[in-house]
Amino acid sequence: MTSKRPLLIPSPRTPNTQHLPALPVYSDIANPTSGGTGLFSGMDSRNPAAADNSINVELPTFKSSPQRSISSSQRSVSSSQGSVVEPPTFKSSSQRSVSSSRRSVVEPPTFKSSSQGSVVEPPTFKSSSQRSVSSLQSKASGNNSVRESISSLQSKNSGNNSVREVSFGDLESKPVRYGSRGADSEALSLSQKDLNEEDARVVYIDDLAKTNERFEYSGNSIRTAKYSVFTFLPRNLFEQFHRVAYIYFLVIAVLNQLPQLAVFGRGVSILPLAFVLLVTAVKDGFEDYRRHRSDRIENNRLASVLVGNQFHPKKWKDVRVGEIIKIQASEAIPCDMVLLSTSDPTGVAYVQTINLDGESNLKTRYAKQETLSKMPDKEKITGLIKCENPNRNIYGFHAFMEIDGKRLSLGPSNIILRGCELKNTHWVIGVAVYVGRETKVMLNSSGAPSKRSRLETRMNFEIILLSGFLVALCTVVSFCAAVWLRHNNDELDDILFYRKQDYSKGKVDDYNYYGWGLEILFTFLMSVIVFQIMIPISLYISMELVRVGQAYFMIRDGQMYDESSDSRFQCRALNINEDLGQIKYVFSDKTGTLTENKMEFQCASIWGVDYNGGRSSPEQVGYSVEVDGKILRPKMKVKADPDLQQLLRSGKDTNEGKHVYEFFLALAACNTIVPLVVDTSDPNGGLLDYQGESPDEQALVYAAAAYGFMLIERTSGHIVIDIQGDRQRFNVLGLHEFDSDRKRMSVILGCPDKTIKVFVKGADTTMFSVIDKRLNLDIIRATEAHIHAYSSLGLRTLVVGMRELSATKFEQWHSSFEEASTALIGRAALLRKVAGTIENNLIILGASGIEDKLQLGVPEAIDSLRTAGVQVWVLTGDKQETAISIGYSSKLLTRRMTQIIINSSSRDSCRRSLEDAILMSRKLMTVSADTQTDRGSSGHGGTQVALIIDGTSLVYILDSELEEKLFELASYCTVVLCCRVAPLQKAGIVALVKNRTADMTLAIGDGANDVSMIQMADVGVGISGQEGRQAVMSSDFAMGQFRFLVPLLLVHGHWNYQRMGYMILYNFYRNAVFVLILFWYVLFTCFSLTTAITDWSSMLYSIIYTAVPTIVVGILDKDLSRRTLLDYPQLYGAGQRQECYNSKLFWLTVVDTFWQSLAVFFIPLFAYWGSSIDRSSIGDLWTLAVVILVNLHLAMDVIRWNWITHAAIWGSIIATWICVFVIDAIPSLVGYWAIFHVIKTASFWLCLLAIIIAAMAPRFVVKFLYQYYRPSDVQIARELEKFGNPSASRPAQIEMNAILDLPRR
């Protein structure tokens, strides 16, 4: 008969093939206008989720902040930040400053204000030989909209999303809405309300008495340790007894202390629980000792604090709020400080925040110009700072300073936080505003939310069943005891154990008999004590040790080591290792996760002309300049278009050449990149490393350098660009940074020709709305067509525009900007409005195309995961065309798939689109099923459906009745691709699947915008990428490349699940068989709860006799080799189908346990029936028999033997013999010398042999029949490994179970 089961063929290992985008067969409406991606790509402008990145929740803890935004901008930048700088004359500096990846501009240092407005002095351009490679990258002083976001690690995005957030789990909040706007009018944000005395902290500079007059602020001493000498014991025990099983065993131990219920020795009954508690306490105590030691070192570090008129060393723990502190280069910051002055004449300071947010990039902070010249050791500084109360937002700070009669606004760029280090700055002076536990780093010291293993959750249900079984056993014993007492009531005076009278003395007294009712109750409680190990206390410790061992081997796996970043796999959550073997859905970010997030400039559209190297072969070029006698070249070479190079060499005399000149000038100037000189082996040469948080900006600056526009210097007030050998200085008169509302950034430059120009770049969805369409309409249309073509190739696009400003326009802007930047009410909205006044009527210059290459092995990894039955969903902020192109190149999409595209702009439109798509999917599935039936297909080649949906549609679908329809549609689809989604929408999509199915979900990402998705999924994986370490720090597991997901799931996940599932069932069996032996014995001893097995053997059974083999096998056993699991991804379906731990296996284990307990008990009983053997001797026989039996049971199931496994199994049997000998050799214990008498008889050895054969034979027969007639996929693959492939000339094809979807719940 021809088998209808699908063939399991080796996983394909073919390279990328040429894919052509398939036309969608369904689209609700026309595709939206192509939008820019790249650095400024976020959600489509129509998406309210991106446009409104604040969802209000009440936080009663912080009075000063009635609103906390649950999202952050793409670069953690406040809305429409900007700043203006007077064109100053800067002195040369020999210092090479390193830029930060945080963006902002220093506050205008020397603007002269008047009642008529602000006047800017004309720029003075001086030749500069300085090599100051300083930074402009920081938020403007006092110009930042403060967002009190409920975010632990809101960071900047160098890629694809415009909104990002991390929710604090321990803060009370209103329900988070994933799809649409939360509640716009619930409360004002902190940036939109003035600070008052009740919700603000007032700090008097260098005046401790006045600062602490109203409130006594805490000191700077920190404490990360959990315990003290006095609290360790009670608190540690309290935490450990959160496990209900521990309370159960404590109650058992307490009951055994009562004389009426004492079954075991009082000390012996406490031993198992005491051992477990002691081991955990020692581990916790050692960890806390290390914390105490670290705290002591931290608190005793020294800082220079102003005392009198001089700076003196002072321990960190003694620093107080209001004190002035001086920090030297490379020193750590002791507390949260507002900067007063720095060694840099422009007030710039560079800090490294790797200890705060995990990012190694330098951040730029600024001192206010009004305090920059003040030296507190030379003159007395008087003033006050009024700031918000301590909070966790490390990217927000709202305050103002009153000094010398002026009121200065303060923002995040004016504060340096504890945990940072001062870099590339000789010294800074600041005033402490938050110290000790109130610093932001300490407030953010909580970890990621705890997750529980699905297997452990199911295990708890089985433990409840075992508890019910235990109660049933105790009830049976109590009932039988009640019947026996009634039947023998007249004989109780003389029956052993129950006699009422004590005849040992002359006077007859009542013996320990408490009446029929109490005796039944005592019998029940004593039964609970005797049968207590039915609930395996050792299982919890065994599971923890096994997980640690599994994590060790995952971390040491060389195939998950990333050489490029020198990073190993990280296991940050030890309690969900086995969940890796049951994943059904993988939700992946695109930029930095599937792609490298290392951008490479590919092409440009300039003034309607496409320069993509198509007419001639582009070549990698490297431009060089001479600075201070050294030849500097860009660190990275870029492929340049020869035609474009020729056009640039011809100069900007022609109209075309002028536009090309302006385009590359915009690429070189409109950014916050800072050049860093890197020395090489050549003493006369060096490399310019363009540092910045955004790979997009780096790629554009490197591209500009390749075409002769080399950025060689940046300070807080100007930039120097070498243009085709002509070094020019441009004064930075203002900057509006990128934010998620505008999705663009702009810079105002004072040019050498005395003109003022505004350069703007951003996403096409917002840029085309501010382009002057009255001019050059043909060029705009040509640029749009080129952008669409670039997106179809998978390139990230940005649109560049410019305009000239008249002196009047600039003065108007500057006056408005000054007013907005110092406002304390509605600062963010005012800054956005000011930006809009100059970011309009732009002349379009062109667009850029940047390639974000796929990571190595991504197509093969996705193909393997899909072959394994894992559904891969991609959630990206990129636009649709780019995402689809990446989908084809990554093999996520294929030409055979039917694409369903939903781009809707209203709720009704979404409903119609979903209903039509569901009908189409059903028809396709029906036709596919009929075709397969007619052809006798095994399941391959059916119609596959891909759903592509944008973030705007999700706004109307998520958190509404349409969620069910979306889930129904997605269940028909092989692939789901979500474009233009915000971070909260990512979490909402994960929740959509997680809450409607029993399948396991995994989310993987690399940026802070992926944190909410990672924490929402059952398993979260962080990629150590280019966007910092926020995703890693919030994840359960971390690794360097997406392709490592294949060995993680298919190999380690399969092994972990198989081992843990077997170990749980084995522990249930091991303890239950022992309990049942005790139960059978009770039935033959008048239900008196006496035991033949010694108290010590009962206690050591789960600790020494049988524990070690379980742990060793749980760590080392492998049912299949790595190669087999990778070659046949379908084998991963065993975990999805729960083949290793399910109700069927549980009940089969129960039946097998009953049979084996009967064999162990009754064979010796019948063999010695009528003999004079004593209780202790037969008890020793039962002890040895059950230990040998359970270890042989384990040995029968071991697949991979090694010397450690042999030592554990056979060593445990030997250890049991030794312990029994030792126990019986102690005269004070019951059963003295019993074992030495019984082993001399042949009956003893014959009983042992008969027990093993009788107990194991049924299991052996059933296992043989099952594997022979109904083998599983794993067993088939195991036979292939054992016997090899009979045909070495062709790949093996093995019949395997079809990978089917589990039923929805």
Next on the checklist: Would the distance check show the side chain of D1273 and the main-chain N or O of L1131 forming a donor-acceptor pair, the cut-off being under 3.5 Å?
Outcome noted: no
Next on the checklist: Donor-acceptor pair, distance only, cut-off 3.5 Å: does the side chain of T475 make one with the backbone of V471?
Outcome noted: yes
Checklist entry - M1063 and V546: which non-hydrogen atoms are nearest, and at how many Å? => result SD-CG2, 3.4 Å
Item to check | Residue list, side-chain hydrogen bond (donor to acceptor under 3.5 Å, both in side chains) with Q1156, at least two apart or on another chain | outcome: Y1069, D1152, H1193
Item to check | side chain to side chain donor-acceptor pair (under 3.5 Å) evaluation trace for N460 with T457 | outcome: CA-CA 5 Å; N460 290 336; T457 302; 5.4 Å; no
Checklist entry - Between the main-chain N or O of N577 and the side-chain N or O of R547, is there a donor-acceptor pair closer than 3.5 Å? => result no
Next on the checklist: For N1142, give me all partners under side-chain hydrogen bond (donor to acceptor under 3.5 Å, both in side chains), at least two apart in sequence or on another chain.
Outcome noted: none
Item to check | S1143 versus R458, side-chain donor and acceptor atoms under 3.5 Å | outcome: yes
Item to check | Qualifying side chain to side chain donor-acceptor pair (under 3.5 Å) pairs, either residue in residues 1177-1186, two or more places apart | outcome: D1174-S1177
Checklist entry - ring pair (Phe, Tyr, Trp, His ring centres under 6.0 Å) with H1054: which residues, sequence neighbours excluded? => result none
Checklist outcome for this item: Taking every heavy atom of K584 against every heavy atom of G869, the minimum-distance pair comes out as NZ-O, 3.1 Å
Checklist entry - Which heavy-atom pair separates L1184 from T1216 by the least distance, and what is that distance? => result CD2-CG2, 4.0 Å
Item to check | Heavy-atom closest contact (W484 atom, C1086 atom, distance) | outcome: CZ2-SG, 3.7 Å
Checklist entry - Any donor and acceptor pair, going by atom type alone, linking the side chain of R1070 with main-chain N or O of P536 inside 3.5 Å? => result no
Next on the checklist: What I want to check is whether the side chains of S1121 and E1281 have a donor and an acceptor closer together than 3.5 Å.
Outcome noted: yes
Next on the checklist: Taking Q550's backbone N and O only, do any of them form a donor-acceptor pair with W1055's side chain (distance below 3.5 Å, no angle check)?
Outcome noted: no
Next on the checklist: Check this for me: does any side-chain nitrogen of one of D557 and R1122 sit under 4.0 Å from a carboxylate oxygen of the other?
Outcome noted: yes
Item to check | Residues in side chain to side chain contact (heavy atoms under 4.5 Å, CB included) contact with Y552, at least two apart in sequence or another chain | outcome: R556
Checklist entry - Backbone N or O of F1154 within a donor-acceptor pair of the S1157 side chain at under 3.5 Å? => result yes
Next on the checklist: Assess whether a salt bridge exists between R1200 and D1119, defined as any Lys/Arg side-chain N lying under 4.0 Å from an Asp/Glu carboxylate O.
Outcome noted: no
Checklist entry - Do you know the tightest heavy-atom contact between C1247 and P1164? => result SG-CA, 4.1 Å
Item to check | Close side-chain approach of W1080 and L1165, heavy atoms under 4.5 Å | outcome: no
Checklist outcome for this item: Minimal heavy-atom distance between S1212 and V1108, with the atoms involved, is OG-CB, 4.3 Å
Checklist entry - Does the Y1168 side chain pair with the main chain of I1163, one donor and one acceptor, at a distance under 3.5 Å? => result no
Item to check | Test item: Y1062 side-chain N/O and G1114 main-chain N/O as donor-acceptor pair under 3.5 Å | outcome: no
Next on the checklist: Any donor-acceptor pair under 3.5 Å linking the side-chain atoms of S1088 with those of T1090?
Outcome noted: yes
Checklist entry - Heavy-atom count around Y1232 OH within 6.0 Å, excluding the residue itself: above 12? => result yes
Checklist entry - Are the aromatic rings of F1236 and F1221 close, with centres under 6.0 Å apart? => result yes
Checklist outcome for this item: Sequence neighbours excluded, the answer for ring pair (Phe, Tyr, Trp, His ring centres under 6.0 Å) partners of Y1268 is F1264
Next on the checklist: Between E519 and R486, does any NZ, NE, NH1 or NH2 come within less than 4.0 Å of an OD or OE carboxylate oxygen?
Outcome noted: no
Checklist entry - Do side-chain atoms of T1085 reach the backbone of V1082 as a donor and acceptor pair under 3.5 angstrom? => result yes
Next on the checklist: Taking the ring of Y1081 and the ring of F1162, is the distance between their centroids below 6.0 Å?
Outcome noted: no
Next on the checklist: With a 3.5 Å distance limit and no angle check, can you tell me whether T1106 reaches the backbone of Y1101 through a side-chain donor-acceptor pair?
Outcome noted: yes
